Protein chains: 2
Amino acid sequence: MTTRWLTPEEQRAWRAYIAASLLLEDAIDRQLQQDAGMPHLYYSILSVLSESPDRRLRMTDLAERLKITRSRLTYAVTRLEKDGMVRREACRYDKRGSIAALTDEGFAVLERAAPGHVETVRSFLFDRLSEEQVGQLEEISAAIAEGLQEEGTRPASDDVPWRRRASSACS
Amino acid sequence: MTTRWLTPEEQRAWRAYIAASLLLEDAIDRQLQQDAGMPHLYYSILSVLSESPDRRLRMTDLAERLKITRSRLTYAVTRLEKDGMVRREACRYDKRGSIAALTDEGFAVLERAAPGHVETVRSFLFDRLSEEQVGQLEEISAAIAEGLQEEGTRPASDDVPWRRRASSACS
DNA sequence: AGGGCTTGGTTCAAGTTTGAAACAAACCTA
DNA sequence: TAGGTTTGTTTCAAACTTGAACCAAGCCCT
């Protein structure tokens, strides 16, 4: 089977996307590191917890929401716990379970950092997009995410598309 | 000054975007790690080099194109050099300069990996978007990148927007 | 020519991420 | 209920990233 290379339009879109996502994550990471002393992911952990019932969530659920591996989350929570932002609690129903709970201090830090963070997201992202584009971004993102979510759910297949063998290599 | 929080539409777009970019980078990293034994960034280095005149580029130019720090590039190129994908050469005009040159082996690896990579990008991204959306993605990405590129070029300012002080914290 | 500033690149330590392996508890199923 | 599998989480080593510090070499100015 011959490879369907990317069209010029697709190439341009792909490169622009890669550049934008790298630059944006970098900018946000730097801002949060400066103002809150933690990278974006760590801030997101606090943020998700703050919106969860009782400000706590099981590790697996948290990882699921953040779209990261459990291993990565374990490390992050350990650090946040050391810093007093989060506390680990046992799970009553399931003794295997571990629950991450946002501390008052964590909540305070989050509240202090939020305005600056929102301002950053706004100035680097939303201030540059039309209302229409915001909608488009959501739809595009949702479409992409949808295709990748299932990963875990995907039925066994011996011919997964990304395992095909092998020129204009896109970046 | 009171914070301009994100509207519900913006929140949704932001979260969808974060999730999508995380999932997509993860999927691509995994595919390339599997099939080419290197993460996405490393593959991109080979790709950019392969398209450069004489298949070589100065470190700074390479970093600039990839939107990464020189430090990060140094590490990556060191690894790629160890693996024989890239060779470092001295720069004639500027004795400080260091040039990364794609080796034949590097080129071969790239050619071998390209079809699988393109297939991945296609199946996880472009197959899920309409032609229209591809155009939208490019425009949105370009708009975002434009605002962040200038960073280096930006004029001195004591009130950079993302340094403002501090509630519905977006992720 | 002799500073002094800027630029190109690397180095280093600390922090983070990855993926596989290890554990333990929960859940079957015979 | 014993044994085997699955699920939730952590651990560990290796790989990668970050940012500051460092070293040269080029540049500029007098």
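Source: prediction; values computed, not measured. Chain A is the first sequence line, chain B the second, and so forth, proteins listed ahead of strands; every chain is numbered from 1.
The nucleotide whose nearest atom lies closest to any side-chain atom of B:Arg30 is, among C:dG9, C:dG19, D:dT10, C:dG19. Distances from the side chain of A:Arg88 to the nucleotides D:dG8, C:dG9, D:dT10 place D:dT10 closest.
Here C:dT17 presents its P atom at 14 Å from CD of B:Glu25, a figure rounded to the nearest Å. Distance A:Leu32 CG to D:dT17 P: 20 Å, rounded to the nearest Å. For B:Tyr43 and D:dC16, the OH to P distance is 17 Å, given to the nearest whole Å. Atom CD1 of B:Ile28 is separated from atom P of C:dT18 by 14 Å (rounded to the nearest Å). Rounded to whole Å, atom P of D:dG8 lies 9 Å from atom CG of A:Asp61. B:Ile45 has its CD1 atom 10 Å from the P atom of D:dC16, to the nearest Å. Following rounding to the nearest Å, B:Arg58 (CZ) and C:dT7 (P) show an atom-to-atom distance of 13 Å. Put simply, CG on A:Leu62 is 13 Å from C1' on D:dT9, counting in whole angstrom units.
Residue B:Ser98 is the one, among B:Ser98 and B:Gln33, whose nearest nucleotide of DNA chain C lies closer to the 5' end (criterion: closest heavy atom).
Salt bridge status for B:Asp83 with B:Arg79: present, with a side-chain N to carboxylate O gap under 4.0 Å. With salt bridges taken as basic N to acidic carboxylate O contacts below 4.0 Å, one links B:Asp94 and B:Arg58. Taking a cutoff of 4.0 Å between a charged side-chain nitrogen and a carboxylate oxygen, B:Arg30 and B:Asp35 do not qualify as a salt bridge.
A donor atom on one side chain and an acceptor atom on the other are found under 3.5 Å apart for B:Thr7 and B:Glu9.
The closest donor-acceptor contact from the side chain of B:Arg122 to the backbone of A:Trp5 lies under 3.5 Å. Distance alone, capped at 3.5 Å, places no donor-acceptor pair between the B:Ser52 side chain and the B:Arg55 backbone.
Using cut-offs of 30° and 60° for the angle between ring planes, the A:Trp14 and B:His40 rings count as parallel.
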Polar atom pairs between nucleotides 25-29 of chain C and protein, under 3.5 Å, N or O only, would you list them?
from: C:dA26; atom 1: OP1; to: A:Lys95; atom 2: N; distance (Å): 3.1

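Within the 4.5 Å cutoff, the side chain of A:Leu24 has no heavy atoms near those of the A:Ser21 side chain. Inter-residue side-chain proximity for B:Leu46 and B:Met85 is flagged as met; some heavy-atom pair is nearer than 4.5 Å.
At a non-hydrogen distance threshold of 4.0 Å, B:Ser71, B:Arg72, B:Tyr75, B:Arg79 from residues 68-86 of chain B come into contact with DNA chain D.
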